[in-house]
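To start, the structure itself, in structure tokens.
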There are 2 protein chains.
Amino acid sequence: MDLRHISFRLLEVFMSVVKTGSISETARRLHLTQPTVSLQIKRLQEAVGEPLLLMQQQKLHVTDAGLELFKTCQQVFGHFDDYQDFLTELNGGARGRCKIAMVNTAQYILPKLLGPYSNLHPHVELPLEIGNRAEVLDRFERGEDDIYVFSHPPSLESAQAARFLHNPLEFIVPLNHPLAHVKAVKLTDLMQYRFLLRENGSATRMLFESELQSRGLVLSDSVQMASNEAIRVAVASGMGIAVLSRHVLATDDTSFKILNVTDTHLASHWYFVMRTDRHISHAARNFLKFAQQHVEQYLGTQWVRNELHNLDLN
Amino acid sequence: MDLRHISFRLLEVFMSVVKTGSISETARRLHLTQPTVSLQIKRLQEAVGEPLLLMQQQKLHVTDAGLELFKTCQQVFGHFDDYQDFLTELNGGARGRCKIAMVNTAQYILPKLLGPYSNLHPHVELPLEIGNRAEVLDRFERGEDDIYVFSHPPSLESAQAARFLHNPLEFIVPLNHPLAHVKAVKLTDLMQYRFLLRENGSATRMLFESELQSRGLVLSDSVQMASNEAIRVAVASGMGIAVLSRHVLATDDTSFKILNVTDTHLASHWYFVMRTDRHISHAARNFLKFAQQHVEQYLGTQWVRNELHNLDLN
DNA sequence: ATCAGATATAGATATTTATCTATAACTAAC
DNA sequence: GTTAGTTATAGATAAATATCTATATCTGAT
């Protein structure tokens, strides 16, 4: 049997002949001429090296080899049908994988969107990568994921980004801090205190430092800490003061005090970022469409800035 | 997914690329050039309508759709491997069907050959048809079976026949018959008795009657009976005398007496007959080869006339 | 004896396919 | 920064394939 000379078309025709028991009838059904079907069968028999159909008393008779081939074909086409179903699901976004890499701070808000999406499409894998800005940027450079979440998206021509959430920063102090009960403070009032900061390159820190620089201010003392939680807890226990994303602070957390800094309103936005030079999985596209439609529903209208319609998802 | 534009070759190449993880390596293994393999993969992806392999950081990465297709291919090729095994068995004569139609008398001798053959090839189906000469001839005309057993083969150009067994006829009489103890009798001595005969057209009867005619003899009385057993039993019980194939008479059967007719030696031969205008199954060929080699072993050397080497079994 | 319907064969053709060579573009390693 | 090894693309060609039309042959029914 020489598989190289057998095409799926040939097998389709053969199956039809076995089913109808007639070459002419098959020709009619498949919109071919009778000689075409005759020839196909002949070629198939040559490729198999064994008679598959015999003319006996004006009737087509399927040989053992023919019957077995028919069964084989049924199985084979069955597998391809299954595969087609798989592709259909993949295309509909109901199956597949959507790898998302996000910076630390995003982990407080993105799960509110991922949870409902995952419930809607339980067959979609959603592996998450969380790292600091430098790490996520690295992954982005190598194109390791489908979607990236930044608050300062890298400006690369082979990338498209769209913001979806406002990210206001707040100044927090310990409850027993001298400024804790001051109604209105100014940025300069804070310079004398020790600041707890994230590592260099973090979006929050970049924003803060650029503000300081533009106003010619300099911190008197600062300590670097690896995570937002560490900073929050450290502030609560009196180690210093800090500037943190609003989303990192639970509204009912009373272990620190949020200052009302009247002359400074630091804020950035969260962006979904995709590389345009890399294949985007259907699942990823689908997730972004979902986000576009439901971001207000799951993240609340207060902070949402839904510009996801700017993304080209086709 | 458009199966029409997918060939088994394409899938083979794809599988090799997935296995080796490299287009160039596949090209080397399959004795192709690298652009050929590149193009094949590209074409396959177009036919599937989905990326199957991605270049990521200088590494080939198999997508979900690609992995699933790979699994599908494994199944599909598995089925064709099974089918190839089936064909191999079929070709070796170890599997398949060998339909044999034989005239009544042959059923006393052919099973001695069929038994051992069936033990050797338990997967070969051996449907037997037994009928009188007219019935078997009918089947032969319509080509319903692979092999026919006649003692007077039809002479058709689209048939080949070869004899394998001598078929001597014997005259039998009841134990209490006047001739039962006569040492030597002549054919004319028998004419006065009632003969029990098979139906018109039976080889035994044809042979006997043609002998009578050539010697100008006429039976005084005859009765027609449907089977050899019926005749044998009827003779034993005194209804008349008969002429029967030696093979029908068990050597230890003492319920009748075999006459020594000195002036008449009737005999024919058994023939295996095949149509040359019909496909002969491998199993049938194989059985005839087996018969050619083992007929003496299983039917004894006394009556065997092995001329099966005259058959063209290729 | 003719007809209708089946399959088979021959001859023709446009399309598709498999394959090559040459070349470009990228990257890792030396 | 040259080299060696990847994959991708373009252009060319010979072979194979899918079809068709026309025709032959057979058979069963009218």
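Side chains included, hydrogens not; waters and symmetry mates left out as well; all remaining heavy atoms used. All chains are named by letter (A, B, ...) in the order of the sequence lines, taking the proteins before the strands, and each is independently numbered beginning at 1.
Of the residues near DNA chain C, Arg4(B) and Thr36(A), the one whose nearest nucleotide (by heavy atom distance) lies more toward the 5' end is Thr36(A). Between Pro35(A) and Ser7(A), the one whose closest nucleotide on DNA chain D sits nearer the 5' end is Ser7(A).
The distance from atom CZ of Arg9(A) to atom C1' of dT15(C) is 15 Å, rounded to the nearest whole Å. Rounded to whole angstrom, the span from the CG atom of Asp2(B) across to the P atom of dT17(C) amounts to 9 Å. The NZ-C1' distance, from Lys42(A) to dG11(C), rounds to 13 Å in whole Å. To the nearest angstrom, P of dT16(C) lies 18 Å from CG of Leu44(B). With rounding to whole Å, Gln40(A) atom CD is found 8 Å from dT19(D) atom C1'. Gln45(A) has its CD atom 12 Å from the C1' atom of dA8(C), to the nearest Å. Regarding Leu39(B), its CG atom lies at a distance of 15 Å from the C1' atom of dT23(C), rounded to whole Å. Atom CG in Leu53(B) sits about 10 Å away from atom P in dT7(D), given to the nearest Å.
Counting only heavy atoms from C-beta outward, the side chains of Glu12(A) and Leu30(A) never approach each other to under 4.5 Å. Taking the side chain as every heavy atom from C-beta outward, Val103(B) and Val149(B) never approach each other to under 4.5 Å. Looking only at side-chain heavy atoms (C-beta outward), Phe287(B) and Leu114(B) come within less than 4.5 Å of each other.
Within the structure, the ring-ring contact (aromatic ring centres under 6.0 Å, His included) test picks out the following pairs touching residues 54-80 of chain A (sequence neighbours left out): Phe8(A)-Phe80(A), His79(A)-His79(B).
In this structure, Gln34(A) does not reach the dG5(C) phosphate: none of its side-chain N or O atoms is under 4.0 Å from OP1 or OP2. Residue Ser38(B) places no side-chain N or O under 4.0 Å from the OP1 or OP2 atom of dT7(D).
Listed by residue number, His31(A), Leu32(A), Thr33(A) are the residues of residues 18-33 of chain A with a heavy-atom contact under 4.0 Å to DNA chain D.
How far CD1 of Ile6(B) is from CD of Glu46(B): 11.5 Å, rounded to the nearest 0.5 Å.
Arg205(B) and Gln224(B) share a side-chain donor-acceptor pair at under 3.5 Å.
Screening Tyr271(B), Phe150(B), Phe272(B) for a ring pair (Phe, Tyr, Trp, His ring centres under 6.0 Å) with Phe164(B), the sole residue that qualifies is Phe272(B).
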